[in-house]
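When reading the values below, keep in mind they use all heavy atoms of this one structure, side chains included, and skip hydrogens, waters and symmetry mates. Only a predicted model underlies this, so the values are computations on that prediction, with no experimental measurement involved.
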There are 2 protein chains.
Amino acid sequence: MTRTYAQMCLVARAMDVLGERWTLLIIRELGLGPRRFSDMLDGLPGIGTNLLSARLKHLEHHDVVTRIPLGGPGHSHAYQLTERGEAITPILAGLAQWGAGLEAPPTDYADRTRWALFAMRAGAAEAGAVFDTVTELVVGEETFWMYGDGTQNQLRVGPAPVRPGLRLSCSRATLHALAAHRVSVAAAAASGDLTVDGDIDTATAFFAVFALPETAADVAKPRRGKKRR
Amino acid sequence: MTRTYAQMCLVARAMDVLGERWTLLIIRELGLGPRRFSDMLDGLPGIGTNLLSARLKHLEHHDVVTRIPLGGPGHSHAYQLTERGEAITPILAGLAQWGAGLEAPPTDYADRTRWALFAMRAGAAEAGAVFDTVTELVVGEETFWMYGDGTQNQLRVGPAPVRPGLRLSCSRATLHALAAHRVSVAAAAASGDLTVDGDIDTATAFFAVFALPETAADVAKPRRGKKRR
DNA sequence: CGGTATCCGCAAAGATACTG
DNA sequence: CAGTATCTTTGCGGATACCG
């Protein structure tokens with residue numbers, strides 16, 4: 001270990017393991033299932049390969065992350081959260097919830113669809129809601145799938161490995177609008193912004209569970225009537 | 001703002017505000033009520049006055065902390081969490097809960113009674129339990145008081161401002177033993193390690209609610225039968 | 001592809017002296 | 001008591017070179 005707080009306090013000891021820069025964001029990336037080194041670089045713009053490598057070793061040493069072989073072309077492998085690593089998810093959800101209260105960020109910040117999905121799941125976790133139907137989302141070029149494992153909702157990158165009970169297809173902007181409840185599923189489906197493959201009531205229920213926390217921007221600029229004149 | 005992740009992700013944006021070294025520990029200290037600069041130094045051994053000063057300014061700027069005047073001798077003042085700052089408490093509780101799973105720290109780490117109380121409260125928060133009776137704790141030279149505010153349990157430094165419904169007095173070691181359920185209230189009271197001023201059943205209920213999360217040390221070395229031979 | 005290693009410039013952290 | 005100022009040390013960011 002490098003720099004420690006040297007306190008018995010459990011918060012301090014957790015921060016001794018998780019408190020270095022990038023560490024929690026690395027765990028966020030792995031919260032969407034096993035990922036390869038280069039996949040993670042995409043979700044951590046600016047990290048530098050040396051730091052990512054050092055952090056992963058550190059987390060592996062503290063039983064937060066494991067390397068798993070990836071039977072494919074070449075001797076490649078991926079990183080995966082351990083059980084103890086998965087236990088960090090509620091903390092990340094809490095941070096996302098709290099972060100929703102901050103003022104709107106500069107528009108040039110990096111954005112990924114999976115981060116919005118992560119925040120949506122945080123909203124569901126806060127409410128203690130579990131969505132049972134296996135759902136596949138196609139947002140732009142990317143595909144995700146979500147399912148309730150009985151206790152909480154899981155979120156994974158890639159196509160669903162089983163036939164999903166619900167399939168939604170839209171742009172990232174429409175996803176945001178639906179999750180923030182600025183537009184209804186019926187309206188988005190009618191306008192063609194959203195394609196629903198399955199029961200439309202189930203789709204409505206999906207966005208009732210996976211609601212984006214109200215942002216400070218929503219509070220500051222409450223939209224009434226028409227928008228953008 | 002200085003170093004930012006420049007991501008739209010709500011977790012990253014929360015970490016932009018809270019992620020610097022010492023920041024969450026400062027909030028931990030303020031979670032026990034308003035504190036003066038020098039009080040905080042005691043709970044943050046090794047921080048350096050410049051860093052504490054810089055962090056407090058930063059947190060004040062982001063509406064996590066406010067300065068409040070302290071009508072007393074001299075022109076002194078204290079720092080206090082804002083509503084948004086208080087909202088970070090569940091995140092700290094989650095970190096404490098997670099930190100309990102780590103292996104036992106070196107024995108030369110700094111220790112404070114309030115950190116143990118903080119972890120006990122985290123255990124109660126996890127279980128969703130609220131303890132209504134205003135309780136005063138005298139541990140060694142220090143006095144604390146706790147109360148349920150309807151939603152969650154609050155923890156404060158100093159003597160209770162109202163007559164407490166329960167008053168407990170013991171050493172820090174006994175507090176740990178009681179909270180970890182290694183010894184019962186009845187046994188501790190009988191041996192004189194614990195003084196109960198109030199109903200003994202209420203005292204038992206207190207330690208049922210404020211249980212210390214099981215540590216990795218407890219799991220690794222399960223005590224069976226007699227202890228310390 | 002999947003990293004590790006090294007170097008440099010800079011910003012943040014640590015330590016301590018000093019001031020209102 | 002409540003900080004500010006200053007100096008040193010460490011960690012991070014970014015680039016690039018290298019290896020299985």
Side-chain angles (χ1 to χ4, degrees), chain A residues 1-7 12 15-26 29-30 34-61 65-80 108-110, chain B residues 1-7 12 15-27 29-30 34-62 65-80 109-110 157:
Chain A
M1 192 183 307
T2 49
R3 193 178 275 179
T4 168
Y5 290 110
Q7 297 186 0
M15 292 306 287
D16 279 340
V17 175
L18 306 176
E20 287 177 306
R21 194 166 162 79
W22 294 108
T23 301
L24 284 176
L25 299 191
I26 289 169
E29 290 296 309
L30 292 176
R35 314 216 68 193
R36 290 176 306 171
F37 193 88
S38 51
D39 295 332
M40 303 181 70
L41 286 177
D42 171 69
L44 305 164
I47 191 179
T49 56
N50 52 353
L51 263 201
L52 179 53
S53 179
R55 291 291 182 273
L56 287 169
K57 277 197 175 62
H58 181 242
L59 291 173
E60 209 177 335
H61 180 251
V65 161
T66 42
R67 278 170 62 134
I68 55 170
L70 216 58
H75 46 301
S76 69
H77 54 270
Y79 295 88
Q80 186 178 33
D108 64 340
Y109 275 18
Chain B
M1 191 185 305
T2 49
R3 192 180 276 179
T4 169
Y5 289 111
Q7 299 186 357
M15 291 307 286
D16 279 340
V17 176
L18 306 176
E20 287 175 307
R21 192 166 162 79
W22 293 108
T23 300
L24 285 176
L25 299 192
I26 289 169
I27 294 164
E29 290 297 308
L30 291 176
R35 314 215 70 193
R36 290 176 306 172
F37 193 87
S38 52
D39 295 333
M40 303 181 70
L41 286 177
D42 170 69
L44 304 164
I47 191 180
T49 56
N50 54 349
L51 263 201
L52 179 54
S53 178
R55 290 292 181 273
L56 286 169
K57 277 196 176 63
H58 180 242
L59 291 173
E60 211 177 335
H61 181 251
H62 284 89
V65 162
T66 42
R67 276 171 64 134
I68 56 169
L70 216 58
H75 46 302
S76 69
H77 55 270
Y79 295 88
Q80 187 178 33
Y109 275 18
V157 180

Colleague: With the side chain of A/E20 defined as its heavy atoms from C-beta on, choose the nearest nucleotide among D/dG13, D/dC12, C/dG3.
Modeller: D/dC12
Colleague: At less than 4.0 Å, is any side-chain N or O atom of B/H77 found next to OP1 or OP2 of D/dG3? Yes or no.
Modeller: yes
Colleague: When the distance from OH of B/Y5 to C1' of C/dA12 is rounded to whole Å, what number comes out?
Modeller: 13 Å
Colleague: Measuring from atom CG of B/L59 to atom OG1 of B/T66, what distance do you get when rounded to the nearest 0.5 angstrom?
Modeller: 11.0 Å
Colleague: Please check the phosphate of C/dA12 (OP1 and OP2 only) for any side-chain N or O of A/R21 closer than 4.0 Å.
Modeller: no
Colleague: Rounded to whole angstrom units, what separation is found between the CZ atom of B/R67 and the C1' atom of D/dG3?
Modeller: 9 Å
Colleague: Within this structure, what is the CG-CE distance for the pair A/L30 and A/M40, rounded to the nearest 0.5 Å?
Modeller: 4.0 Å
Colleague: Provide, to the nearest angstrom, the distance between the CD1 atom belonging to B/I68 and the P atom belonging to D/dA2.
Modeller: 12 Å
Colleague: Using a heavy-atom distance cut-off of less than 4.0 Å, which residues of residues 36-43 of chain A contact DNA chain C?
Modeller: A/R36, A/F37, A/S38
Colleague: Would you indicate, yes or no, if C/dG14 has its OP1 or OP2 atom less than 4.0 angstrom from a side-chain nitrogen or oxygen of B/W22?
Modeller: yes
Colleague: Working to the nearest 0.5 angstrom, can you tell me the gap between B/Q80 CD and B/R67 CZ?
Modeller: 13.5 Å
Colleague: Could you state the interatomic distance from CE (A/M15) to CG (B/L25), rounded to the nearest 0.5 Å?
Modeller: 7.0 Å
Colleague: Just by distance, do the side chain of A/R55 and the backbone of A/R21 share a donor-acceptor pair under 3.5 Å?
Modeller: yes
Colleague: Once you round it to whole Å, what is the distance between C1' of C/dA13 and NE2 of B/H58?
Modeller: 15 Å
Colleague: Rounded to whole angstroms, how far apart are CG on A/D16 and P on D/dG11?
Modeller: 13 Å
Colleague: Quick one: does A/Y5's side chain have a donor or acceptor within less than 3.5 Å of a partner on B/W22's backbone?
Modeller: yes
Colleague: By nearest atom, which of the nucleotides D/dG3, C/dA13, C/dA12 is closest to the A/R3 side chain?
Modeller: C/dA13
Colleague: Rounded at 0.5 Å granularity, tell me how far CG in B/L44 sits from CD in A/Q7.
Modeller: 6.5 Å
Colleague: Distance check: side-chain N/O of B/K57 vs OP1/OP2 of D/dT4, anything under 4.0 Å?
Modeller: yes
Colleague: Scan the side chains in residues 45-53 of chain B for donor-acceptor partners under 3.5 Å anywhere in the protein, sequence neighbours excluded, and list what turns up.
Modeller:
none

Colleague: Hey, could you give me the CD/OH distance between B/E29 and B/Y79, rounded to the nearest 0.5 Å?
Modeller: 14.5 Å
Colleague: Scan residues 46-55 of chain B against DNA chain D and write down, sorted by residue number, each residue with any heavy atom closer than 4.0 Å; if none is found, say none.
Modeller: B/T49, B/N50, B/S53
